[in-house]
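I have placed the structure first, in the form of structure tokens, so that the comments after it can refer back to it.
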Amino acid sequence: MEDISHILDPLNPAQREAVTADTGNRLVLAGAGSGKTRVLVHRIAWLLQVQDVRPWHVLAVTFTNKAAREMKGRIEEMLDEPIGGMWVGTFHGLAHRFLRAHWQDAGLPQHFQILDSDDQFRLIKRILKALELDESRWPPRQAQGFINSHKDEGRRPPHIDAAGDFFLEQQLRIYRAYQEACEKAGSIDFAELLLRAHELLRDRPDILHHYRERFAHILVDEFQDTNAIQYAWLRLLAGDRDNLFLVGDDDQSIYGWRGARVENIQSFQRDYPNTQIVRLEQNYRSTSNILGAANALIANNPSRLGKNLWTEDSAGEPIRRYAAFNEIDEARFVVERIRRASQDEGMARSDCAILYRTTAQSRLFEEALIQAGLPYRVYGGQRFFERAEIKDALAYLRLVANPSDETAFERIVNLPPRAIGPRTLDLLRTQARADGSTLWEAARVAVSQPLLPARATGALRGFLELIEGLAASAEAEQELPDLVAEVLEASGLPAHFEKNKDGRGIERLENLEQLVEATRRFAAEVPNDEGDILGSFLAHAALEAGDAQADGFEDSVQLMTLHSAKGLEFPLVFITGVEEGLFPHSMSATDPNRLEEERRLCYVGMTRAKRLLYLTHAESRRLHGREDYAMPSRFLREVPAELIEEVRGGGVSRPHGGRAASGFGAMGFGARRSGTGSKAGAATVDAGGGFQLGQRVRHPKFGPGVVLNAEGHGSGARIQINFESAGAKWLVLEYARLEPADAYQGNGE
DNA sequence: ACCAGGCGTCTTTTT
DNA sequence: GACGCCTGGT
């Protein structure tokens, strides 16, 4: 045995226990900042270097490609050698690999394509049209959600019992038609990757046996984010080998809305009673004030496994709270604090993070940062392979690779416009449906018969020949970047974008050039083993949508949603828009489970902070074009008052009047601010009719509530009340028999 | 093919 | 308020 001090020395006792555990299932409950990734990386190093496990016997599953890359990098760094043969990747990536290897056994065409969410959405829209369902009654989003959530739970149409329910019957009909269309086109959506791979393993003992032998050690990161089918997969793959090493934190489960099941943690303990649990509760990231605040907040969630994070760190600074006048004031305040930290206190700009609940909030911060001359980087947003022009170009490549790809066909058959209009397409679709053939085949038939006007026939023939010519080029074994350049040029897309005059033309051309660049990088990195490099590249584009924005050289302030902040840490963190309706978001406020998830999201946000945490909220905010008065979030109340210090202006001159005061003037809705002092949040603004915004009232039918908003005047005056039982309602002031209830108590501090 | 204007929507995001 | 999408007109 070689020297193992580099594996064990950096670990605390709990971490060491997890890393050196012998065989048997392990569940590592790893609190925020407790060294979760370190444990995984060191565990793998332990297996390889101490237990003499061969790399190809290890399977490490992560939530994102980025996490996989980082983990791989850290393992290699630690071992000081490449980890050939080890699988480190996502569930989807692994499923994809299974299906490529066993396409025949899985009943797939060899060159099946992956549909991303956007492709899927478009396909569903076409299905709805074909089924003659009205989109306003049957929203494609809803159908997409229906299909995906059932697939995530492992359910195919026969497993779903509509039981005479008209709505379910229709959704099921859409699901079936969609599935049929996918089969015909040889397309697979993300959920289908997992489902197919699961069925393959389930139904083919020989294949399952092979992978069980191969993956003698299975490690899973972010286990709380796995969905039902992924968990089923793990059980199948592990069998009774007791070789699962799962790491997760129920308090950081924030993806329930897309099928993740925190309950998998409990299920795991039930399904594998011999599981040993290791808790990592020492936090190495935050001050004890920050940690205490986060602990107190999350303690409000009734359904949690329970865990108490602690730190040896000092109390540190109190948590700062700022009640902004409005969203503009909030942005100005945050940016001013960052300016001070970076310019006066020598902090790196990249040490400062602005977090928000919704992407729409980023704009004001960006404007304020530009004004202050501070460079910044926004995470998230549209990603490279999701851009429309990139997807257009990829559609050409997809059609070249597989002419049955209906999604690709529909997308580009008339892009750039080549006189193949809706009439022609309708005919092709009808024809294809009647013959059970693909659009491509229908088009071939159509050009050989006098079905269409000569003009349309000619245009269609031109398109078919274009794609066939390119397919021939693709066959002729040329370098991928050259092929892509050729396809692009022949497609006419660059010329089409160039003459587009909405100012985005140049940007699109640049993106197309970057696509060629991306294929060059891809070709250089991927050894052209299988030969089908085009297919590999297309799969890569679908599975890994790429970064939205390249890492700049410049030291910049970090802007992102709370969701994308998971896994990161910053010395200085601002959580903004901490208001009822925004955070927790109004769409999650009614369902207790979703509310708990919002709280976990807040917990995730707070635990990102190492030294200093600001919580800001605005007393008035412009949202969806309306000016709304917002109450401070309940989350603020859930943080012990003694850990919070109220901040005022902070050198920022406060606006006078401002927009909040306007608009209501005619009704006497002038804003009389109470200041940000002791009663922050109790915006005492006359809402007319003798009621004030934020005031508690009682309605004979709806019971108690709080005045949220008011508008209009005279007999048209309406008032919005957030009722405890009935939720937010607009009432006509004249008829609403409202009476004042006990006075609003601010936020309880 | 292209444009104007109406309409509905507006949480989070990876794969 | 902004954006995308659809529709109906030219």
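Below, chains carry the letters A, B, ... as their sequence lines are ordered, and counting in each starts from 1. Atoms considered below: every heavy atom in the structure, side chains included; atoms not considered: hydrogens, waters and symmetry mates.
Under the 3.5 Å distance criterion, the side-chain polar atoms of Ser586(A) are left unmatched by any main-chain donor or acceptor of Leu582(A).
Side chains of Phe385(A) and Glu544(A) form no contact here, defined as non-hydrogen atoms less than 4.5 Å apart. Within the 4.5 Å cutoff, the side chain of Glu406(A) has heavy atoms near those of the Arg126(A) side chain.
Taking 4.0 angstrom as the limit, Asn65(A) places none of its side-chain polar atoms (N or O) nearer than this to OP1 or OP2 of dT14(B).
Taking the six-membered ring for Trp and thresholds of 30 and 60 degrees, His563(A) and Tyr255(A) have ring planes inclined between 30 and 60 degrees apart.
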**Study point:** Protein-to-nucleotide contact annotation, 5' to 3' order, nucleotides 2-10 of chain C [B base; S sugar-phosphate only; - none; under 4.0 Å, heavy atom]
**Key:** ---SS----

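Going from atom CG of Asp225(A) over to atom P of dT14(B) covers 12 Å, rounded to whole Å. One interatomic measurement links the two molecules: CD of Gln230(A) to C1' of dT15(B), which rounds to 9 Å at whole-angstrom precision. A straight line from CG of Leu194(A) to C1' of dT15(B) spans 8 Å, rounded to a whole angstrom. In this structure, CG of Leu364(A) is placed 14 Å from P of dG1(C), rounded to the nearest angstrom. To the nearest angstrom, P of dT15(B) lies 9 Å from NE2 of His92(A). Taking atom CD of residue Glu222(A) and atom P of nucleotide dT14(B), one finds them 13 Å apart after rounding to whole Å. Per the geometry, CG belonging to Leu425(A) stands 11 Å off P belonging to dA1(B), to the nearest Å.
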Contact list (N/O, under 3.5 angstrom) for nucleotides 10-13 of chain B vs protein:
residue, atom, partner, partner atom, Å
dT11(B), O4', His585(A), NE2, 3.2
dT11(B), O2, Arg357(A), NH1, 3.3
dT11(B), O2, Arg357(A), NH2, 2.4
dT11(B), O4, Arg594(A), NH1, 3.1
dT11(B), O4, Arg594(A), NH2, 3.3
dT12(B), OP1, Thr359(A), N, 2.7
dT12(B), OP1, Thr359(A), OG1, 2.3
dT12(B), O4', Arg357(A), NH1, 2.9
dT12(B), O2, Trp257(A), NE1, 3.3
dT12(B), O2, Arg357(A), NH2, 3.2
dT13(B), OP1, Thr561(A), OG1, 2.5

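Using a cut-off of 4.0 Å between Lys/Arg side-chain N and Asp/Glu carboxylate O, Asp119(A) and Lys391(A) are scored as salt-bridged.
In the model, Tyr178(A) has a side-chain atom that pairs as donor or acceptor with a side-chain atom of Asp189(A) under 3.5 Å. At a cut-off of 3.5 Å, with distance as the only test, no side-chain donor of Asn326(A) or Ser620(A) sits close to an acceptor on the other residue. No hydrogens or angles considered: nothing links the side chains of Glu596(A) and Asn300(A) as a donor-acceptor pair under 3.5 Å. For the residue pair Arg599(A) / Asn301(A), a side-chain donor-acceptor distance below 3.5 Å is found, with atom types taken as modelled.
Comparing atom distances between the Arg622(A) side chain and each of dT14(B), dG1(C), dA1(B) picks out dG1(C) as nearest.
Across all strands shown, Phe63(A) has heavy atoms under 4.0 Å from sugar-phosphate atoms exclusively, and none from any base. When heavy atoms are screened at a 4.0 angstrom cut-off, Ala191(A) is found touching no nucleic acid atom at all.
Checking Thr90(A) against Asn414(A), the closest nucleotide of DNA chain B that is more toward the 5' end is the one next to Asn414(A).
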